[in-house]
Amino acid sequence: MVAVPQPQPVSPQRSSSAGTFEVIQGSLSARRAARHSPLLAGLHRAADGGLLGVFAAVLVLSGLTLHWQHRWTMAFQQLELTRTLSHRLTDSTAMLERHLLERSKVPGRMVPTTVANLLYLDRPGTVSSQDAPDHLAMLGSLMERPIKNGY
């Protein structure tokens, strides 16, 4: 007589989920692939590592891009504010100058410049070396006097 194991009845929910998991686990088993083809398994690990590295680089570069875009936006807003304030300062200065010119009496008394109103003066003559004071002698006379303490 031969002993044959009897299959036990399995509920329909358990059989469908266990069967799917067994098929997926059996077909994608890393150990099984490493045993059958170590070169292919190494290539698979390298590709997985490369993909993880690319994803990490994309995340880092995306973060840096967003950071620098935010910094550029803030700097541009400050530039626009500076331009606006500079324009307002120029306008205020022009208004003050116009007000002062309207109130002042001097521009009304001034004569417009024309060729007939110009005065020409002769160039002053050169100073002769005989009339120039002797600076070395003056310094020497200062050194002859004693210097007081405290100075």
message = What's the separation between atom NE2 in His99 and atom CG in Leu101, rounded to the nearest 0.5 Å?
response = 10.5 Å

message = Just to verify, what does Glu80 make a salt bridge (Lys or Arg N to Asp or Glu O under 4.0 Å) with, not counting sequence neighbours?
response = Arg83

Salt bridge (charged side-chain N to carboxylate O under 4.0 Å, His left out): pairs with one or both residues in residues 92-101, sequence neighbours excluded = none

ask   = Just how far is it from atom CG of Leu43 to atom CG of Asp48, taken to the nearest 0.5 Å?
value = 9.5 Å

ask   = Rest of the hydrophobic cluster containing Leu85 (Ile/Leu/Val/Met/Phe/Trp/Tyr, side-chain heavy atoms under 4.5 Å)?
value = Leu81

Taking only distance into account, with no hydrogens and no angle test, what donor-acceptor pairs under 3.5 Å do side-chain atoms of residues 62-77 form with protein atoms, sequence neighbours excluded?
unit_1	atom_1	unit_2	atom_2	d
Ser62	OG	Val58	O	2.7
Thr65	OG1	Leu61	O	2.7
Thr73	OG1	Gln69	O	2.8

inquiry  = Tell me if a side-chain donor or acceptor on Thr93 pairs with a main-chain N or O of Leu89 at a distance below 3.5 Å.
reply    = yes

inquiry  = Holding to side-chain contact (heavy atoms from CB on, under 4.5 Å), I want the full list of residues that pass it with Leu52, two or more places apart in sequence or in another chain.
reply    = none

message = So, using side-chain contact (heavy atoms from CB on, under 4.5 Å) as the criterion, who are the partners of Arg123 when residues are at least two apart?
response = none

